[in-house]
Number of protein chains: 2
Amino acid sequence: MVVRMATMSDGDVDAIFHALADATRRDIVARVIEREQSVSSLAAAYAMSFAAVQKHVAVLERASLVVKQRRGREQIVHADPATLERARLLLERLETLWRHRAAAIDRVLAEDPET
Amino acid sequence: MVVRMATMSDGDVDAIFHALADATRRDIVARVIEREQSVSSLAAAYAMSFAAVQKHVAVLERASLVVKQRRGREQIVHADPATLERARLLLERLETLWRHRAAAIDRVLAEDPET
DNA sequence: ATAATATACAACCAAATGGTTGTGCGAATG
DNA sequence: CATTCGCACAACCATTTGGTTGTATATTAT
């Protein structure tokens, strides 16, 4: 199956990195990657109000890093690893840029040493 | 040469992702990767005040994504690709976690199908 | 039917963000 | 020396963030 990567708007990328810029949210992502779980089960893990955790999950959801799925009266939070990959690919692209630049510099230096 | 990766505090990671959560700042990183340049030469590229760009560079600097180096009256902004790599490695670790989980699920499913 | 549970959501607050303008100061140029 | 250039920094402002509490709603359990 081929999946076309939708072109990401700046806003999407902003949302992803912003969501990852908080230790609690990164921890939530790690937890739901290991095992999907309800919002309240997540909330139990942190020294803050339920509503605060709920908001963190909402931020992750807006960034498409997690998805919520209702099950009875619970809301189960799943990871969406595709979004993580998108973010990683962006960083990889920047690193590639760097390697190309470094290679270009090397070429120039090798070309005409001490002329 | 062996480089020991200093353990990153949550705050460091927060700073890196926060710095990347803005299109202007990501663009600045890309530009200085391609060619290091002065703050004012960067500022010329954006439709905002010099001070605003200066602040963006400061955010990137706090995150160690760029380094400034004085040259005469100019301040030359360089990329620090090591920090980019750190961020990428973090995302990779999360993705690895996911792959392990997926593998564990596969194992369970294969173990006892339809008992 | 009542109570308890899981979530949603609004209102509120302090602090941080992302922008502005203005002021000052060291370095280069005329 | 006077001026201009590149930058730093402070003050200010609107908006967003990350937390709180309180209220409402739907679902399960007694």
Side-chain angles (χ1 to χ4, degrees), chain A residues 9-32 35-79 87, chain B residues 9-32 35-79 87:
Chain A
S9 78
D10 279 354
D12 295 339
V13 182
D14 289 5
I16 295 174
F17 284 121
H18 169 251
L20 291 171
D22 178 283
T24 302
R25 287 194 292 262
R26 286 191 301 276
D27 194 69
I28 290 177
V29 170
R31 278 173 191 269
V32 303
R35 188 170 75 77
E36 49 225 29
Q37 55 199 289
S38 68
V39 179
S40 44
S41 122
L42 282 170
Y46 305 99
M48 65 183 83
S49 69
F50 175 86
V53 174
Q54 211 179 352
K55 279 193 188 178
H56 281 304
V57 171
V59 170
L60 291 168
E61 203 182 5
R62 263 188 285 134
S64 299
L65 283 163
V66 306
V67 175
K68 281 192 303 189
Q69 188 186 356
R70 198 160 210 91
R71 202 174 62 194
R73 65 182 159 189
E74 293 184 329
Q75 198 79 263
I76 306 300
V77 184
H78 305 247
Chain B
S9 78
D10 279 354
D12 295 340
V13 182
D14 289 4
I16 295 174
F17 284 121
H18 170 250
L20 291 171
D22 179 284
T24 302
R25 287 195 292 261
R26 285 192 301 276
D27 194 69
I28 290 176
V29 170
R31 278 173 191 269
V32 302
R35 189 169 74 76
E36 49 223 30
Q37 54 199 290
S38 70
V39 179
S40 44
S41 121
L42 282 170
Y46 305 99
M48 64 182 84
S49 70
F50 175 85
V53 174
Q54 212 178 350
K55 280 194 188 180
H56 281 304
V57 172
V59 170
L60 291 168
E61 204 181 4
R62 264 188 285 135
S64 298
L65 283 162
V66 305
V67 175
K68 282 192 302 190
Q69 187 187 356
R70 193 152 215 97
R71 200 174 63 194
R73 66 182 161 191
E74 293 183 331
Q75 199 77 266
I76 306 300
V77 183
H78 306 245

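Note on naming: letters A, B, ... go to the chains in the order of the sequence lines (proteins, then strands), and numbering restarts at 1 for each one.
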For [X] and [N], give me the distance from atom [atom1] to atom [atom2], rounded to whole Å.
| X | N | atom1 | atom2 | result |
| --- | --- | --- | --- | --- |
| A:Tyr46 | D:dT20 | OH | C1' | 19 Å |
| B:Gln75 | C:dG26 | CD | C1' | 12 Å |
| A:Gln69 | C:dA6 | CD | C1' | 16 Å |
| A:His56 | C:dA8 | NE2 | C1' | 17 Å |
| B:Asp10 | D:dG18 | CG | P | 14 Å |
| B:Ile28 | C:dG18 | CD1 | P | 12 Å |
| B:Asp14 | C:dA16 | CG | P | 13 Å |
| A:Glu61 | C:dC9 | CD | P | 10 Å |

Among the nucleotides [options], which one has an atom lying closest to any side-chain atom of [X]?
| X | options | result |
| --- | --- | --- |
| A:Ala52 | D:dT20, D:dT28, C:dA28 | D:dT20 |
| A:Glu74 | C:dT7, D:dC7, C:dT21 | C:dT7 |
| B:Met48 | C:dT20, D:dG6, D:dT20 | C:dT20 |
| B:Arg73 | D:dT21, D:dT28, C:dA27 | C:dA27 |

Can you tell me if [X] touches the phosphate of [N], counting only side-chain N or O atoms and a distance under 4.0 Å to OP1 or OP2?
| X | N | answer |
| --- | --- | --- |
| A:Arg25 | D:dG18 | yes |
| A:Lys55 | C:dC9 | no |
| A:Lys68 | C:dT7 | no |
| A:Arg70 | D:dT27 | no |

* Heavy atoms of other groups near B:Arg70 CZ, more than 12 under 6.0 Å -> yes
What does [X] touch in the nucleic acid at a heavy-atom separation under 4.0 angstrom: a base, only the sugar-phosphate, or nothing?
| X | result |
| --- | --- |
| B:Ser49 | base |
| B:Ser38 | sugar-phosphate |
| A:Arg71 | nothing |
| B:Gln54 | base |

Find the distance between [atom1] ([X]) and [atom2] ([Y]) and round it off to the nearest 0.5 Å.
| X | Y | atom1 | atom2 | value |
| --- | --- | --- | --- | --- |
| B:Gln75 | B:Gln54 | CD | CD | 9.0 Å |
| B:Asp14 | A:Leu20 | CG | CG | 10.5 Å |
| A:Leu42 | A:Asp27 | CG | CG | 9.0 Å |
| A:Ile28 | A:His56 | CD1 | NE2 | 6.5 Å |
| A:Lys55 | A:Met48 | NZ | CE | 11.5 Å |

* Asked: Does A:Arg62 or B:Ile76 map to a spot on DNA chain D nearer the 5' end, using the closest nucleotide for each?
  -> B:Ile76
* Residue whose nearest DNA chain D nucleotide is more 5′ - A:Gly72 or A:His18 -> A:His18
